Trainee: 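Structure in structure tokens, see below.
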Amino acid sequence: NAGVMQNPRHLVRRRGQEARLRCSPMKGHSHVYWYRQLPEEGLKFMVYLQKENIIDESGMPKERFSAEFPKEGPSILRIQQVVRGDSAAYFCASSHRDRFVIHNEQFFGPGTRLTVL
Amino acid sequence: KNEVEQSPQNLTAQEGEFITINCSYSVGISALHWLQQHPGGGIVSLFMLSSGKKKHGRLIATINIQEKHSSLHITASHPRDSAVYICAVASRIIQGAQKLVFGQGTRLTINP
């Protein structure tokens with residue numbers, strides 16, 4: 001049973017380009033969370049998605065960032081017109097959603113390290 | 001003040017020592033995670049707990065809900081335990097789904 005998969009593991013972009021980060025959840029998981037870890041800072045929540053729905057995007061920057069989790073295929077975190085300050089490690093995590101469980105454990109992917117030149 | 005505070009921020013010890021990392025939080029939670037992150041590496045979940053104590057090998061995690069405090073202990077520490085240990089509390093989004101709020105992490109170095 002493969003774990004959470006993210007690709008690419010490393011991504012280099014020049015300022016102004018677009019970055020697309022992909023996350024394939026664990027088999028059977030339909031909920032995805034994206035977190036960002038800026039250099040020398042702690043992890044921060046960005047967005048929580050279910051299939052075809054954004055449930056909570058309170059941690060997403062207001063501009064240039066978007067996320068989706070289509071019915072088929074991986075979840076995508078998209079950053080348009082990247083700037084140097086976007087350089088960070090981006091982690092996704094996936095979980096079940098059992099409504100009768102207060103907390104469904106999240107399983108993390110290996111992360112994508114984005115470097116903006 | 002951060003919602004999740006860890007101490008110490010950095011910890012260096014000799015192989016074999018007993019290690020304690022502390023985590024205090026100021027929000028209501030449904031669960032608390034201890035995570036491990038190696039340099040340049042991914043994040044591994046060590047424990048998820050909502051009460052009491054859990055043990056896995058040389059690792060022990062405890063939580064006191066009333067005091068809003070958790071500790072991670074490592075017995076007989078080894079250089080391979082060197083990593084960043086992160087405390088994260090689960091903040092409810094909707095029933096069955098929570099976002100994690102993370103501490104800043106504790107960088108642990110175990111010298112041989």
Side-chain angles (χ1 to χ4, degrees), chain A residues 3-7 9-10 23 25-26 29-51 53-60 67 69 88-113 115, chain B residues 1-10 21 23-25 27-51 54 56 61 63 65 70 83-107:
Chain A
V4 179
M5 299 175 68
Q6 289 188 249
N7 67 81
R9 294 290 303 276
H10 300 273
C23 171
M26 283 180 69
H29 288 185
S30 58
H31 299 259
V32 166
Y33 304 77
W34 285 93
Y35 298 96
R36 178 167 69 171
Q37 187 175 38
L38 291 166
E40 305 304 321
E41 292 190 22
L43 286 146
K44 295 276 195 307
F45 168 79
M46 298 182 77
V47 62
Y48 163 55
L49 309 103
Q50 298 174 16
K51 285 281 186 182
N53 282 305
I54 297 173
I55 306 301
D56 184 336
E57 56 181 344
S58 58
M60 288 280 269
F69 190 15
Y90 293 83
F91 291 91
C92 81
S94 73
S95 74
H96 289 294
R97 186 187 162 209
D98 181 345
R99 289 187 183 85
F100 301 103
V101 171
I102 292 175
H103 182 76
N104 291 290
E105 187 172 4
Q106 296 178 27
F107 296 84
F108 284 82
T112 293
R113 277 147 187 85
T115 301
Chain B
K1 189 176 189 298
N2 292 332
E3 292 176 300
V4 182
E5 295 275 356
Q6 285 185 238
S7 64
Q9 289 189 6
N10 294 283
I21 300 170
C23 176
S24 296
Y25 53 92
V27 295
I29 67 169
S30 56
L32 183 145
H33 292 249
W34 281 101
L35 309 168
Q36 181 191 56
Q37 186 175 29
H38 283 278
I43 296 168
V44 175
S45 179
L46 299 174
F47 295 103
M48 182 183 77
L49 64 165
S50 55
S51 65
K54 285 191 176 180
H56 184 247
I63 187 168
I65 297 293
S70 176
V84 176
Y85 291 84
I86 303 168
C87 169
V89 300
S91 172
R92 183 175 179 272
I93 301 173
I94 55 176
Q95 181 63 19
Q98 287 80 22
K99 58 187 172 187
L100 298 180
V101 179
F102 299 85
Q104 288 295 95
T106 295
R107 187 176 301 276

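To find a chain, count down the sequence lines: A is the first, B the second, and so on, and within it residues start at 1. FYI, side chains are in, hydrogens and waters are out, and symmetry mates aren't considered; it's all heavy atoms of this structure. What you are looking at is a predicted structure, and each value in this text was computed from that prediction instead of being measured.
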Trainee: Go through B:Ser45 and A:Glu105 one step at a time and tell me if the side-chain hydrogen bond (donor to acceptor under 3.5 Å, both in side chains) criterion holds.
Mentor: CA-CA 9 Å; B:Ser45 179; A:Glu105 187 172 4; 3.3 Å; yes
Trainee: Shortest non-hydrogen contact from A:Phe45 to B:Leu100?
Mentor: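 Here A:Phe45 and B:Leu100 meet closest at CB-O, 4.0 Å.
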Trainee: Counting only heavy atoms closer than 4.5 Å, note whether A:Gln50 contacts chain B via side chain, backbone, both or neither.
Mentor: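 Side chain of A:Gln50 only, per the 4.5 Å heavy-atom cut-off to chain B.
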Trainee: Show, in sequence, the C-alpha distance, side-chain angles and deciding distance for A:Glu41 and B:Gln104, and conclude whether the side-chain hydrogen bond (donor to acceptor under 3.5 Å, both in side chains) test is met.
Mentor: CA-CA 7 Å; A:Glu41 292 190 22; B:Gln104 288 295 95; over 6 Å; no
Trainee: Minimum heavy-atom separation for A:Phe91 and B:Gln37, please, with both atom names.
Mentor: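 For A:Phe91 versus B:Gln37, the nearest heavy atoms are CZ-NE2, 3.4 Å.
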Trainee: Are more than 12 heavy atoms, taken from residues, nucleotides or ligands other than B:Arg107, located less than 6.0 Å from that residue's CZ atom?
Mentor: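 No, the 6.0 Å shell around CZ holds no more than 12 heavy atoms from other groups.
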Trainee: Is A:Tyr35 close to chain B through its backbone or its side chain, or both, or neither, when contacts mean heavy atoms under 4.5 Å?
Mentor: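 Interface part for A:Tyr35: side chain.
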Trainee: So which atom in B:Ile43 and which in A:Phe108 form the shortest heavy-atom distance, rounded to 0.1 Å?
Mentor: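 Between these two residues, the closest heavy atoms are O-CB, 3.6 Å.
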Trainee: Does atom CE of A:Met60 have more than 12 heavy-atom neighbours, drawn from other residues, nucleotides or ligands, at distances under 6.0 Å?
Mentor: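 It does: A:Met60 CE has more than 12 such atoms within range.
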Trainee: Do the side chains of B:Gln98 and A:Ser95 get nearer than 4.5 Å, heavy atoms only?
Mentor: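 Result no, sub-4.5 Å side-chain heavy-atom pair not found.
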